[in-house]
Structures are given as structure tokens and as C-alpha cells.
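Data block below; observations after.
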Number of protein chains: 2
Amino acid sequence: MPVSVTSRALDTRFDRRLAEILDYATEIFAEKGYEGASMRDLSRLSGISLAGLYYYFESKEKLLYFIQQHTFTTIIERLRERLAATTDPEARLRIFVRNHVDYSVAKQKAMKVLAHEDDVLKNGYGTELAATKREYYRICVGLVEGLVKADGLKSVGSNAAATGGINTRTAVMGLFGMMNWLYTWYNPRVDPDAEVLAREISDIFLRGIRAGKMASKPSIDSLQREPVGRPEKKPDSSKETTSSGKRRK
Amino acid sequence: MPVSVTSRALDTRFDRRLAEILDYATEIFAEKGYEGASMRDLSRLSGISLAGLYYYFESKEKLLYFIQQHTFTTIIERLRERLAATTDPEARLRIFVRNHVDYSVAKQKAMKVLAHEDDVLKNGYGTELAATKREYYRICVGLVEGLVKADGLKSVGSNAAATGGINTRTAVMGLFGMMNWLYTWYNPRVDPDAEVLAREISDIFLRGIRAGKMASKPSIDSLQREPVGRPEKKPDSSKETTSSGKRRK
DNA sequence: CTAAAATTAGAACGAACGTTCGAAGAACCG
DNA sequence: CGGTTCTTCGAACGTTCGTTCTAATTTTAG
């Protein structure tokens, strides 16, 4: 019977062993992808027999769930601790970025698994993870809105706010993009450390969403709704492709 | 024998049929991932028998290669056409973003496959795609450097340039992050169209890399080298994980 | 030391995988 | 019309997949 999911309980032999296996699993999932990695790969890497693995978890799916859930909750946990330190909007946003970048740099593989195998888990664990993810997203939106409010003015409407002429959702997703893309390119040997990196990303974002003398139009947009998706038949008009092949022997 | 890979040659029946299959393949690869999707899935979706598929291409791997190579070269092709229109640095950067966003919105699934199955292909096709990708990346770096130069000053050093205090590589990767993350969240029914989206992303990026009155330190950094990676043993000190499991019946 | 509990692993399960083969059907050209 | 070429497919190939069964081994506690 499952007990907890958070950090505690590294005490028992069982938990320590499971944690070790999860690290190995994170490694191959990051390397070969969830579907591409086999339990036999994990067996080989961990040195535990194929059947032996199943003493610690009940399925490959649950293995992925453990990894993702732990990664997510740890990030949020640490964020909450750090955010308690200040109420200044800009400082809080910088803390958010710093926290995310810190974890991405320290646990690059776990972040890759989190970002890469995002929509693998289905109805059971999938919805729970989606909720955790939404929670994290909402924290970020809250920080950005706090920032917009603190800067005074420039906010247009209530849910379709404009940040320097930029939709809040777009801005937040842009920030997540910069941070979550890290795993594809970050190389500790040539790239700045987490502190510098977080500052650079924060700078781009903060300057980016604040109004300045723009080259194009200042900000006349305010017509963007929130995500409430109504069901509908999607036409999806995409066609066109390549040619070339083998053409029969 | 393979002939071309670019846009032409939708003439023959063979090419038209292959193009159709590639569209179906893009769809399931986007939905289930390359490893997760089976040839039987593709057979079912396309209505072509399992064996019949192999008349048009020689392996699942080649299928992925076709999709990725075509997507990449099309984007670059269109970009080159559009860039010919102007020499103004800012306008050119905006064209780059617009072109990328346009394609991402119009061919969301293809972009997902491109971004998601980035490191699946190995030595043969893999290196060719990597070269194409690097070419695209270099175009973007060129545009950003042109922008920095046009803004005058602020450039520090030659390869470790500072754009408003931000490493060029970081800035470019941040931009790619914003654009390539699109496929994870963009919803045509609630989000701005490509034009608006491209403008918002460009605005964030352009304001972001230009110096302004900052809240924190202005820009004293200039100590970041370029990617020249020397081979070395990576220690990779990451440990720590979750607990909880089933604990034997 | 002994007995119970926790932990490991060899071997095998059915299912699904990518791919191939040979023959049958459809289209084309004289 | 007949003959050649292009296109399609059912059936099967060998392999690998996630998972389970059962028994043996190791650890723990009295």
C-alpha cells in the first residue's frame, strides 16, 4: 500500500532501494525516452534482475509516475519555501525563475523526462500530474499579475490582461518555454551557471513584458479570452508533404 | 533510388501517395510519439495494409527522417524567401520569428514531431538533420548579432558578446525556447493568431535583449565563452528521490 | 540457531513489434 | 486482346516487449 510521495522516508531499506532504482530509471528514460527504454535496459543498468525490479513497483507506468510526481512536487515545495522570503513582485518573479533554473541545471535528466514524457500517462496518474502542473502554472500567472499590478497601469481588462501589450498567457508560456527548453541545450561545461542563467532569463522576460518605446504599435489589443475550451469539431486544414522514396527496386 | 527531398515532384502517383502517408505518419507520431506509435497504427489510420506501406518507404526510421527533413528544409526555404525583402536588422529578426511561428501554428503536429523526436535518429540520418538544424541556428545567431551591431555598442568581446548584458547563445536559445515550446500549449481556438503571437514573442525578445534601466545590476558580465566543448569525464553528481511503493502484498 | 519475513532471480507467458515474402489484383501500353 | 509493370495484401518470420510464477536466497528478530 502506497504511503507518501514527498521527500521524507528515506529511512527504510525498501525506500532507499526504490529511490536508487528511480534514479536509474530517470537516466534511461532521459536517454531513450519512456517508450524507447525497456525494463531490460533498466535491469541491466541497475544490476537488478528483471523480475526483481517488480518487487519495488508494480508497472513501468507507475515508475514514470513516481519520477514525474516527485520532480514536480519537489520543485513546488522548494519554490514555496523561497517565496516566503519576500513580497516584492519583481524579486518574487526572479525567485520563481531561479528556482526553476536551479532544478533544471541540477537535475537535467529528471527535467527532460518531465518535459518530454508529458502526455504519456493516461487517466489515472495523468490527471493528477496535470493538476499539479496546472497548480505550478497558476503560481507563475499569479506572480506575473502581481508584477503587472505593481508596475501600475498597463493592465487591460481582468482576465485578458495586457503586459506591455502582451497577453499574460503568452508571456507566461514564453517564460516557461525559455526555461523548459533548457534541457535541450544546456551544457554545464560551456554555459553560465544557474545563477547567471536565471538572471539572464529573468532580465529578458522582465524587460520584455514591460512597455518601452516600441517599434510597432504600442498596445491596442485586449481581445483575448481565457482557455475555456468548448468542444468542437476541428477541421485541421493541413496538407502538403515531401516526395522522393525508393520507387521499386 | 531516392531522388529529391525538397518540395517539387508531387506529380507522380507514387509521390502523391507517399506524401499522404507522411501526413498520416506525422499525425500518429505527434499523438503517440515515434517509439510509441506502431506501423500497425499507421496501417489502420491510413487504410493501407501493413505490408503495403513498405512499398513506399523502407523502414519506420526513414519515415521519421522524411518528416523531419522535409519540415526543416521547408522552414528554411520559406525563411530565405522572406528575408530577401529587407536588410533592416530588427525587421529581419521579426521575419525570422514570424516565419517560425507561422509554420508552428499551421503545422503544429509536424513541429511537435520535429521538436519531440529530436535525438531519435542515429548516425546516418541523424547527423544530416543535426547539420540542417545547426544551419538554422546559425542563421538566427547571425540575425541577433546583426541586431546587436546595428544598435551600436553594448557588444562586449567578439565571441562572448553581451546583448544588454545577456550572452548571445542564451538569448538565442531563449528565443528558440519561446518558439519551440509553442507546440505544447498553443490552441487555435483561444490563442492569438500567428501574426499577433509572432509580434508578442518578438517584442519580448527585442525589448529583452536591449539594455534598459534595470532593477538589478546593469551589466558587468562579460565572462562567458563559446561552446567549444573539450571532452572530459562528467561527474554528474545527482542523487535523491522519492519513497513509497507497495511493499509486498 | 531457528523461523518468519523480506528480497532476489531464472524461466517462461502471451502479446505486440518491425519487417519480409510470394502471390494476387489493377493500371497501363502495344 | 495479351503482356508488362506498378501496386496491394494476407500471412508469417524472428525478436523483443511488460509482466508473472515459483522457488531459492538473504536479512531480520526472538
Side-chain angles (χ1 to χ4, degrees), chain A residues 1-3 9-22 24-25 28-29 31-67 117 120-122 124-125 243-249, chain B residues 1 3 9 11-22 24-25 28-29 31-67 117 120-122 124-125 243-249:
Chain A
M1 283 292 165
V3 195
L10 268 289
D11 332 68
T12 81
R13 187 176 135 83
F14 181 90
D15 287 321
R16 256 177 287 116
R17 203 96 165 92
L18 174 57
E20 185 190 344
I21 294 173
L22 288 180
Y24 283 124
I28 36 163
F29 284 172
E31 188 190 341
K32 303 184 156 195
Y34 172 72
E35 307 273 7
S38 74
M39 297 301 290
R40 284 164 180 84
D41 289 330
L42 179 57
S43 169
R44 203 173 306 117
L45 182 63
S46 64
I48 302 173
S49 77
L50 190 54
L53 290 172
Y54 280 87
Y55 174 71
Y56 291 95
F57 49 88
E58 55 228 23
S59 69
K60 190 187 180 190
E61 204 181 7
K62 190 120 189 178
L63 201 53
L64 178 59
Y65 167 76
F66 278 158
I67 293 171
E117 323 297 347
V120 177
L121 266 7
K122 308 293 176 184
Y125 312 130
S243 62
S244 121
K246 60 178 186 185
R247 186 156 269 137
R248 200 59 170 160
K249 132 143 7 66
Chain B
M1 284 292 165
V3 196
D11 330 68
T12 83
R13 187 176 132 82
F14 181 90
D15 287 320
R16 257 178 285 118
R17 202 96 165 93
L18 174 57
E20 185 190 345
I21 294 173
L22 288 180
Y24 283 124
I28 37 166
F29 285 171
E31 189 191 340
K32 303 183 156 194
Y34 172 73
E35 307 273 7
S38 74
M39 297 300 291
R40 284 163 180 85
D41 289 332
L42 179 57
S43 169
R44 204 173 305 117
L45 181 63
S46 64
I48 303 173
S49 77
L50 190 55
L53 290 171
Y54 282 86
Y55 174 71
Y56 290 95
F57 49 88
E58 54 227 24
S59 68
K60 189 188 181 188
E61 205 181 7
K62 190 120 188 181
L63 202 53
L64 178 59
Y65 168 77
F66 278 158
I67 293 172
E117 322 297 347
V120 177
L121 266 6
K122 309 292 175 186
Y125 311 130
S243 63
S244 112
K246 61 179 187 187
R247 186 157 267 139
R248 198 57 170 165
K249 145 138 358 73

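Letters A, B, ... are given to chains in the order of the sequence lines, protein chains preceding strands, and every chain is numbered from 1. Side chains are part of it too, since the values below use all heavy atoms of this structure and drop only hydrogens, waters and symmetry mates.
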Query raised in the report: So, do B/Leu63 and B/Leu53 sit near enough that their side-chain heavy atoms are less than 4.5 Å apart?
Result: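 Side chain of B/Leu63 against side chain of B/Leu53, heavy atoms only: no contact under 4.5 Å found.
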[X] [atom1] to [N] [atom2], straight-line distance once rounded to whole Å:
{"X": "A/Leu50", "N": "C/dA12", "atom1": "CG", "atom2": "P", "value": "14 Å"}
{"X": "A/Tyr54", "N": "C/dA11", "atom1": "OH", "atom2": "P", "value": "19 Å"}
{"X": "B/Tyr55", "N": "C/dG18", "atom1": "OH", "atom2": "P", "value": "22 Å"}
{"X": "A/Phe57", "N": "D/dT20", "atom1": "CZ", "atom2": "P", "value": "11 Å"}
{"X": "A/Leu53", "N": "C/dT8", "atom1": "CG", "atom2": "P", "value": "10 Å"}
{"X": "B/Ile21", "N": "D/dT8", "atom1": "CD1", "atom2": "P", "value": "8 Å"}
{"X": "A/Lys62", "N": "D/dT19", "atom1": "NZ", "atom2": "P", "value": "12 Å"}
{"X": "B/Lys60", "N": "D/dT15", "atom1": "NZ", "atom2": "P", "value": "19 Å"}

Query raised in the report: Does NZ or CZ of B/Lys60 lie under 6.0 Å from the centre of the six-membered ring of B/Tyr34, at an angle within 45° of the ring axis?
Result: yes
Report task. May I ask you to list the residues of residues 31-47 of chain A, by number, that have any heavy atom positioned under 4.0 Å from an atom of DNA chain D? Result ->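 Result for residues 31-47 of chain A: A/Ala37, A/Ser38, A/Met39, A/Arg40, sorted by number.
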Hey, what do you get for [atom1] ([X]) to [atom2] ([Y]), rounding to the nearest 0.5 Å?
{"X": "A/Glu20", "Y": "A/Leu22", "atom1": "CD", "atom2": "CG", "value": "10.0 Å"}
{"X": "B/Leu18", "Y": "B/Arg16", "atom1": "CG", "atom2": "CZ", "value": "12.0 Å"}
{"X": "A/Ser38", "Y": "A/Arg44", "atom1": "OG", "atom2": "CZ", "value": "6.0 Å"}

Requested in this report: Would you tell me if any nitrogen or oxygen in the side chain of A/Arg17 comes within less than 4.0 Å of OP1 or OP2 on C/dT8?
Outcome: yes
Looking at [X] and [Y], what are the two nearest heavy atoms and their distance?
{"X": "B/Phe29", "Y": "B/Ile67", "value": "CD1-CD1, 3.8 Å"}
{"X": "A/Ser43", "Y": "A/Ser49", "value": "OG-C, 3.6 Å"}
{"X": "B/Tyr24", "Y": "B/Ser46", "value": "CD1-CB, 3.6 Å"}

Report summary line: 5' to 3', nucleotides 25-30 of chain C under a 4.0 Å protein heavy-atom cut-off (B base, S sugar-phosphate only, - none) gives ------
Report task. Go through the steps for B/Arg17 and B/Ile48 under the test side-chain contact (heavy atoms from CB on, under 4.5 Å), then give the verdict. Result -> CA-CA 11 Å; B/Arg17 202 96 165 93; B/Ile48 303 173; 3.8 Å; yes
